[in-house]
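The figures that follow rest on heavy atoms only: side chains count, while hydrogens, waters and symmetry mates do not. Nothing fancy with the numbering, it's 1 onward along the sequence. Keep in mind that this is a model prediction, so the values were computed, not measured.
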Amino acid sequence: MPARLTDSIRAHAGESEVLKRLNLNQLSMIFEQGWLKMFVPKNLGGLELSLPEGVRLEEALSWSDGSVGWVVTLSAGAAWFVGFLDQQLMSEIFADNKVLFAGSGAPTGTAELTVGGYKVSGYWRYASGSIHATVLTANCTITQGGKPLVDEAGTPVVKPFLFKRDEVTLHTKWNSMGMIATGSHDFEIRQVLVPHTRAFIIDSRHAVLPHAIYQYPFLQLAESTLASNLSGMAVRFLDLCGDLFDEQSK
């Protein structure tokens with residue numbers, strides 16, 4: 001990543017800490033560079049990076065600033081769901097050049113199956129970047145007649161859903177001592193009816209796009225991208241503490 005971008009990210013990091021969110025300069029750079037769409041196809045305005053390319057970029061961003069790297073990684077990871085969602089819906093979502101995904105993988109919502117779709121309610125915590133989000137994703141237990149549906153093994157069926165920002169109530173409860181600028185707030189949905197196209201299945205067999213990145217297992221994708229964040233922040237920590245370590249070793 002060019003040094004000028006790293007310098008600019010760091011120049012505004014202090015202000016973001018005070019604001020408890022990424023500031024406008026950082027956000028503008030993120031949108032201009034297309035980092036949130038690193039795993040999105042080019043026909044939807046994305047960078048269409050491979051996983052190794054994306055991991056290297058995320059490590060560089062986290063080395064520049066932990067909060068920026070974390071928000072970009074989590075949002076880009078959620079935008080990866082484009083490979084499993086209804087493409088007409090995705091064309092609508094990505095028509096916004098400043099689209100930003102946030103969300104939660106915790107299955108703390110319920111989606112009641114109805115004729116027209118699903119009626120969703122739930123409360124999810126720690127959605128990084130949610131204060132800037134235009135869309136959010138969340139996992140829900142599927143119910144019918146008020147009872148959880150189960151699969152052949154008797155396990156409750158859980159599906160991820162996509163929600164638009166105006167369908168969500170944000171609860172600003174992120175007051176962490178570290179990475180406060182990630183704005184990882186809670187969000188809630190109350191009896192919102194969404195169409196069937198808002199539900200999807202994160203599995204290579206259910207990918208609707210042919211790109212290799214959507215054949216990669218989601219768990220390993222999440223682990224590798226988050227590991228790159230931790231690596232970037234660890235290297236930056238060593239950079240900043242190098243002189244102190246040298247002094248202590250004498």
Side-chain angles (χ1 to χ4, degrees), residues 1-50 53-82 90-104 126-137 162-168 170 172 174-176 178-187 225-226 228-229 231-233 235-236 239-240:
M1 190 170 72
R4 63 178 177 81
L5 297 181
T6 296
D7 292 342
S8 183
I9 289 172
R10 289 177 180 168
H12 300 289
E15 180 186 348
S16 292
E17 292 287 310
V18 174
L19 294 172
K20 300 183 179 180
R21 66 181 74 183
L22 302 185
N23 66 33
L24 292 178
N25 291 287
Q26 290 175 327
L27 284 171
S28 294
M29 183 187 307
I30 288 168
F31 291 132
E32 287 172 5
Q33 296 299 318
W35 291 330
L36 301 179
K37 297 185 283 188
M38 65 176 72
F39 299 128
V40 173
K42 291 181 179 178
N43 69 297
L44 290 175
L47 300 181
E48 205 172 303
L49 299 185
S50 66
E53 290 170 330
V55 165
R56 286 193 289 268
L57 173 58
E58 290 169 346
E59 184 179 46
L61 288 169
S62 295
W63 175 72
S64 299
D65 178 69
S67 290
V68 168
W70 190 263
V71 171
V72 169
T73 295
L74 272 290
S75 183
W80 174 82
F81 297 151
V82 64
M90 290 298 93
S91 294
E92 174 192 335
I93 295 298
F94 283 99
D96 181 357
N97 290 328
K98 295 184 177 180
V99 61
L100 192 154
F101 280 66
S104 170
Y126 310 133
S128 297
S130 54
I131 202 162
H132 307 296
T134 56
V135 291
L136 296 98
T137 62
L162 181 141
F163 305 101
K164 298 180 180 181
R165 180 63 184 84
D166 60 5
E167 296 169 337
V168 171
L170 195 65
T172 53
W174 180 248
N175 293 301
S176 171
M179 293 206 298
I180 190 68
T182 61
S184 302
H185 300 294
D186 302 353
F187 67 98
T225 55
L226 290 178
S228 71
N229 268 258
S231 174
M233 286 187 278
V235 172
R236 180 59 175 161
D239 290 344
L240 294 172

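Side-chain contact check for Arg165 versus Leu136: some heavy-atom pair is nearer than 4.5 Å. Proximity of Leu170 to Ser130: side-chain heavy atoms (C-beta onward) are separated by under 4.5 Å at one or more points. Looking at Val40 and Leu47, their side chains never come closer than 4.5 Å, going by heavy atoms from C-beta outward. Between Arg236 and Arg10 the shortest side-chain heavy-atom distance falls below 4.5 Å. Side-chain atoms of Asp96 and Val135, non-hydrogen and from C-beta on, never get closer than 4.5 Å to each other. Residues Leu49 and Arg56 are not in side-chain contact: their nearest non-hydrogen atoms beyond the backbone lie 4.5 Å or more apart.
The ring pair (Phe, Tyr, Trp, His ring centres under 6.0 Å) test with Phe101 singles out one residue from Phe94, Trp80, Phe81, Phe39, and that residue is Phe94. Of the options Ser128, Ser75, Ser62, a side-chain hydrogen bond (donor to acceptor under 3.5 Å, both in side chains) to Trp70 is made by Ser128 and by none of the others.
Side-chain atoms of Glu167 come within 3.5 Å of backbone atoms of Lys164 as a donor-acceptor pair (strictly under, hydrogens ignored). Using modelled atom types, no side-chain atom of Glu17 and backbone atom of Gly14 make a donor-acceptor pair closer than 3.5 Å. One N or O on the side chain of Asn229 and one on the backbone of Thr225 form a donor-acceptor pair closer than 3.5 Å. Checking side-chain atoms of His12 against main-chain N and O of Asn25 turns up no donor-acceptor pair under 3.5 Å. Remark: side-chain polar atoms of Thr73 are not paired, donor with acceptor, to backbone N or O of Leu226 under 3.5 angstrom. Without hydrogens or angle criteria, Ser64 side chain to Ile9 main chain gives no donor-acceptor distance under 3.5 Å.
Between Ser8 and Met29, the closest heavy-atom pair is OG-CE, 2.9 Å. The nearest pair of heavy atoms linking Thr6 to Met1 is OG1-CE, 3.2 Å. The two residues Met179 and Ser67 have their closest heavy-atom pair at CA-OG, 3.5 Å. Smallest separation of non-hydrogen atoms from Phe187 and Thr137: CZ-O, 3.9 Å. Residues Asn175 and Lys20 share a closest heavy-atom pair of OD1-NZ, 3.7 Å. Residue Glu58 comes nearest to Ala76 through the heavy atom pair OE2-CB, 4.4 Å, listed as atom of the first residue, atom of the second, then distance.
Atom CD1 in Ile131 sits 10.0 Å away from atom CG in Leu22 (nearest 0.5 Å). Interatomic distance, Ser228 OG to Leu61 CG, rounded to the nearest 0.5 Å: 9.0 Å.
Side-chain contact annotation: Trp63 with Asp239, donor-acceptor N/O pair under 3.5 Å present.
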*asked:* Before you tell me yes or no, could you show the steps for Arg21 and Glu15 under salt bridge (charged side-chain N to carboxylate O under 4.0 Å, His left out), namely the whole-Å CA-CA distance, both residues' side-chain angles and the distance that decides it to 0.1 Å?
replied: CA-CA 9 Å; Arg21 66 181 74 183; Glu15 180 186 348; over 6 Å; no
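Lys98 and Glu32 are not joined by a salt bridge, as no carboxylate oxygen comes within less than 4.0 angstrom of a charged side-chain nitrogen.
For Tyr126, the OH atom is loosely surrounded, since the number of other residues' heavy atoms within 6.0 Å does not exceed 12.
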